[in-house]
Protein chains: 2
Amino acid sequence: MAQQGLMGIRSHYPRLSEKEKKIADFILEHPEKIVHQTISQVADQLEVADATVSRFCKRIGYKGFQALKIALAPEIIAPNKMLHEDVNDTDEAIMVAEKIFQSNIRTLENTLQVLNKAELEQAVTLLLEARRVEFYGFGGSNMVAMDAYHKFVRSGVPAFAFPDAHLQLMSASQLTNQDVAFIFSHSGASKDAYLLLQTVKKTGAKTIAITGFPKSPIGQQVNIALHTSSEETDYRSEALASRIAQLSIIDALYVTVIMRQKEKAQTSVEKVRNAIAATKM
Amino acid sequence: MAQQGLMGIRSHYPRLSEKEKKIADFILEHPEKIVHQTISQVADQLEVADATVSRFCKRIGYKGFQALKIALAPEIIAPNKMLHEDVNDTDEAIMVAEKIFQSNIRTLENTLQVLNKAELEQAVTLLLEARRVEFYGFGGSNMVAMDAYHKFVRSGVPAFAFPDAHLQLMSASQLTNQDVAFIFSHSGASKDAYLLLQTVKKTGAKTIAITGFPKSPIGQQVNIALHTSSEETDYRSEALASRIAQLSIIDALYVTVIMRQKEKAQTSVEKVRNAIAATKM
DNA sequence: TTGCTATATGAAAATTATTTTCGTATTATG
DNA sequence: CATAATACGAAAATAATTTTCATATAGCAA
């Protein structure tokens with residue numbers, strides 16, 4: 001199948017010929033013109049032949065011009081104008097806010113797409129059956145670990161978290177094979193987190209991680225790897241957005257755990273409502 | 001203009017003829033078949049003439065069959081089952097996750113709409129000029145205050161935060177009129193937070209708050225009030241989502257502050273970033 | 001250089017998809 | 001029952017897209 005819309009075009013770009021690049025540029029700049037015009041109108045504007053545009057569509061993996069239109073249609077409903085502008089372009093606070101919010105929204109959307117159903121379920125099962133669950137995070141991720149701890153401990157899960165690196169490592173070495181270690185690391189490669197994972201693995205405890213990079217060392221070596229997905233090119237923006245996604249995953253796990261615990265004769269709708277109600281700030 | 005996709009079809013439904021209703025039913029049931037098939041294929045499956053389908057498209061307000069395809073394309077990428085509330089609302093983890101993520105996304109969108117440009121600017125100015133900035137939050141909001149502290153302290157802002165209610169109150173009473181108190185309270189009415197605000201006001205320090213309710217006591221009495229906005233019908237379910245919005249506002253303020261500090265703080269952030277980079281493998 | 005080959009491109013033909021026209025059937029209305 | 005209005009399908013007309021084919025251009029070997 002052809003890749004998703006504009007991203008797919010970018011990935012083909014290097015292999016395109018002169019006129020084809022001209023077409024690609026036009027699409028990336030004005031996707032709405034593709035969607036709302038005929039192949040001839042587009043070809044005229046670009047001063048190329050219809051045939052060239054038609055061939056272009058096939059070259060980048062679509063069945064034809066109509067198929068490209070349909071792939072592009074979803075992209076133009078939310079014309080995320082802010083996103084291609086760099087934060088540095090303008091330092092108006094409201095502009096920065098828009099950029100940050102859009103970035104966070106996109107990251108949540110992407111992360112939801114990428115969430116693996118089976119792994120989520122397994123994570124819930126582990127959390128429900130563990131003798132003890134410890135949440136770990138270093139640097140900015142420590143706050144996420146503490147947040148998870150505060151939530152789960154109220155739901156009756158035997159949760160723990162620690163405010164500094166040394167305490168985390170000490171506690172990790174004391175786990176047993178009936179315990180669960182839950183690690184937050186955006187890069188999936190920080191030295192502290194990696195060391196901690198090795199320590200945990202020696203104890204036989206089950207491991208769950210949320211990282212931003214499935215192929216990172218930590219992402220590869222845990223029992224259950226959940227990951228966040230961001231399109232941000234800048235590492236700092238990515239880290240900000242991915243933390244929002246991490247928190248959202250924790251929220252989802254937490255609400256699910258509560259629902260499972262209260263498996264009674266309630267209707268499922270009530271279950272969700274009650275579960276969420278139990279999370280007052 | 002034609003209304004958005006499937007909703008538009010529903011609104012026209014009562015006025016349609018027999019065959020046209022047959023077509024409408026088919027579209028509502030299988031929008032993806034419209035998007036991916038030709039008008040003749042669709043007509044054959046429904047045992048009606050092409051002409052009837054073509055007329056149908058115009059009847060419901062589109063220019064033609066192609067235009068309908070394009071309007072429908074966005075709907076089929078994410079078959080948003082959560083929106084139809086009667087759909088099997090199971091307690092599957094992935095379903096819960098979808099609900100949580102959608103809720104968070106909508107809350108971010110709404111909050112961005114509601115963000116006040118002038119107040120954001122004023123907040124940035126206060127943060128940059130303060131002799132000392134203290135972040136306060138009780139219960140679940142304490143996490144947000146700690147997070148803000150961790151961010152701003154790295155950017156060179158003289159930031160402080162405290163892990164418990166008593167320490168927060170003690171420190172608040174020591175502020176001066178050159179300081180800034182930044183309060184997080186979703187309800188804007190919690191007893192602890194209100195008491196703290198009164199304490200701060202006696203010192204003459206400037207006050208900023210992020211609440212979910214502009215008309216709440218805290219929202220009314222601070223110098224600068226920023227608000228999150230959630231559509232959740234259930235007051236209690238707003239809590240999870242609004243915390244995400246609070247964090248996003250902090251992210252926006254943080255990034256803006258860094259940009260304003262330009263070279264000065266740029267270097268100190270660089271230092272920290274490099275320090276963090278050094279801990280990666 | 002010359003001649004060969006591969007690739008790119010546009011014009012026009014061929015194909016395919018869609019819309020319009022037109023005639024008949026059906027239903028409603030007085 | 002007659003008449004008008006509407007619905008509908010078949011086929012013609014039109015529009016859009018793809019394919020074919022001829023030519024141009026660039027790279028390259030002798």
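FYI, side chains are in, hydrogens and waters are out, and symmetry mates aren't considered; it's all heavy atoms of this structure. Sequence lines set the chain letters: A, B, ... in the order given, protein chains first and strands last, and positions in each chain run from 1.
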Write out a two-atom table: protein N or O, nucleotide N or O from nucleotides 9-12 of chain C, distance below 3.5 Å.
{"from": "C/dT9", "atom 1": "OP1", "to": "A/K19", "atom 2": "N", "distance (Å)": "3.2"}
{"from": "C/dT9", "atom 1": "OP2", "to": "A/S17", "atom 2": "OG", "distance (Å)": "2.7"}
{"from": "C/dG10", "atom 1": "OP1", "to": "A/K19", "atom 2": "NZ", "distance (Å)": "3.2"}
{"from": "C/dG10", "atom 1": "OP2", "to": "A/A49", "atom 2": "N", "distance (Å)": "3.0"}
{"from": "C/dG10", "atom 1": "OP2", "to": "A/T52", "atom 2": "OG1", "distance (Å)": "2.6"}
{"from": "C/dG10", "atom 1": "N7", "to": "A/R55", "atom 2": "NH2", "distance (Å)": "3.2"}
{"from": "C/dG10", "atom 1": "O6", "to": "A/R55", "atom 2": "NH1", "distance (Å)": "3.2"}

Between atom [atom1] in [X] and atom [atom2] in [N], what is the gap in whole Å?
X     : N      : atom1 : atom2 : value
B/K69 : D/dT17 : NZ    : P     : 10 Å
B/Q66 : D/dT14 : CD    : C1'   : 15 Å
B/F56 : C/dT20 : CZ    : C1'   : 19 Å
B/L16 : D/dC8  : CG    : P     : 10 Å
B/I23 : D/dC8  : CD1   : P     : 8 Å
B/D44 : C/dT16 : CG    : P     : 16 Å
A/F65 : C/dT18 : CZ    : P     : 14 Å
B/L68 : C/dT18 : CG    : P     : 11 Å

Is a side-chain donor or acceptor of [X] paired with a backbone partner of [Y] at a separation under 3.5 angstrom?
X      : Y      : value
A/K19  : A/T52  : no
A/K58  : A/F65  : no
A/K69  : B/I70  : no
A/N223 : A/T207 : yes

Ion pair check, A/K117 and B/E92, cut-off under 4.0 Å: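 Looking at B/E92 together with A/K117, the answer is yes, because their closest N to O distance falls below 4.0 Å.
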salt_bridge(B/R260, B/E121) N-O dist < 4.0 Å: yes
B/K21 atom NZ, neighbour heavy-atom count above 12 within 6.0 Å: yes
For DNA chain D, the residues among residues 33-41 of chain B that have a non-hydrogen atom under 4.0 Å from it: none
Residue pair A/I244 / B/S248, side-chain heavy-atom distance below 4.5 Å: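 In contact.
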Option passing side-chain contact (heavy atoms from CB on, under 4.5 Å) with B/I34 (candidates B/I27, B/I39, B/I23, B/V53):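 Of B/I27, B/I39, B/I23, B/V53, side-chain contact (heavy atoms from CB on, under 4.5 Å) with B/I34 is met by B/I27 alone.
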Residue whose nearest DNA chain D nucleotide is more 5′ - A/K58 or B/K63: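 The residue mapped nearer the 5' terminus is B/K63.
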